[in-house]
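Chain letters run A, B, ... following the sequence lines, proteins first and then strands; every chain starts at 1.
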Amino acid sequence: MEEYHSGDEVSFNPDEASNVVKECIEGIIGGVDYSQNKVNQWTASIVEHSLTQLVKQGKPFKYIVNCAVMQKSGAGLHTANSCYWDTTTDGSCTVRWENRTMYCVVSVFAVAIAL
Amino acid sequence: MDDDQSAEETAFVVEEVSGIVKESLEGVIGRSSYEHKRVSQWTSSVVEQCLAQLSKLGKPFKYIVTCIIMQKNGAGLQSASSCFWDTTTDGSCTVRWENKHLYCIVSVFGLAI
């Protein structure tokens, strides 16, 4: 019998989230070159799409999805993040993707909802 | 009157957080130019300092702080975030900062416990 018991601790699965995000990125900017006109639509689509897929998993989490797209032009880019949360239940995953003309970095943060 | 006070103490106040982030950026990076070797220390210091100041506020929140530093060299950078949370209690604040040599974007997300 598969019943969801509220006493069970559900923890974040970063590999699953990572796969969901990779598919979203490929679907939206898979074979295209960096375009200043379209980049804001792309970042918005990537975060919305990823969020929708994650929420569909039906797990008791709040999510934050962050996406940065940068043109490849030799500039240096550094990102860092720090989190103050419950390390037993909450988690994050970061996906780095690139093609010929741009880099894309997507971070997913999942914070457990107290039931 | 007591209700208003306690509501303020448990809400995500954007100006307060924004102030904390700006102080942290000025303190860690200030007017330095982009140096490949030091940038990773800067991003770590900025997020750690912000987090330490935020937790000192003593509010019932979990926090996520992210920091992006980019050299000024003509490249385009676009960043977006989407959040699935409780819109009545949770909030975020993004600070865009720059000096002569680099851009910095810091985002703070606060989720009520």
Need one label for B:D90: side chain, backbone, both or neither, based on atoms under 4.5 Å from any heavy atom in chain A. side chain

Could you look at A:L51 and say if it's the side chain, the backbone, both or neither that has a heavy atom under 4.5 Å from chain B? side chain

Same apolar cluster: A:V106 and A:L54, side chain cutoff 4.5 Å: yes

Validation row: A:L77, B:I68 side chains within 4.5 angstrom (heavy atoms): yes

Would you mind checking which part of A:F61 comes under 4.5 Å of any heavy atom in chain B, side chain (CB onward), backbone (N, CA, C, O), both or neither? backbone

Do you know which of A:A68, A:C104, A:S82 has the most heavy-atom pairs with chain B at a distance under 4.5 angstrom? A:S82

If we check side chain to side chain contact (heavy atoms under 4.5 Å, CB included) with B:L77, which of these qualifies: A:M102, A:M70, A:Q71? A:M70

First locate atom CG of A:N66, then atom OG of B:S79, and finally report the distance between them rounded to the nearest 0.5 Å. 4.5 Å

dist B:Q41:CD -> A:H78:NE2 (nearest 0.5 Å) comes out at 10.0 Å

State, to 0.1 Å, how close B:A80 and A:T43 come at their nearest heavy-atom pair, and which atoms those are. CB-CB, 3.6 Å

Within one Ile-Leu-Val-Met-Phe-Trp-Tyr cluster: A:V105 and A:V39, side-chain cutoff 4.5 Å: no

B:N73 and A:S73: which non-hydrogen atoms are nearest, and at how many Å? OD1-OG, 3.0 Å

Same apolar cluster (I L V M F W Y, side chains within < 4.5 Å links), A:Y63/A:F109: no

Measuring from B:I64:CD1 to A:S92:OG, what's the distance to the nearest 0.5 Å? 8.0 Å

Relative to chain B, which segment of A:V65 carries a heavy atom at a distance below 4.5 Å: side chain, backbone, both, or neither? both

Which residues from residues 21-40 of chain B are near chain A, with near meaning under 4.5 Å between non-hydrogen atoms? B:Y34, B:V39, B:S40

Is there any residue in residues 97-113 of chain B with a non-hydrogen atom under 4.5 Å from a non-hydrogen atom of chain A, and which ones are they? B:F109, B:L111, B:A112

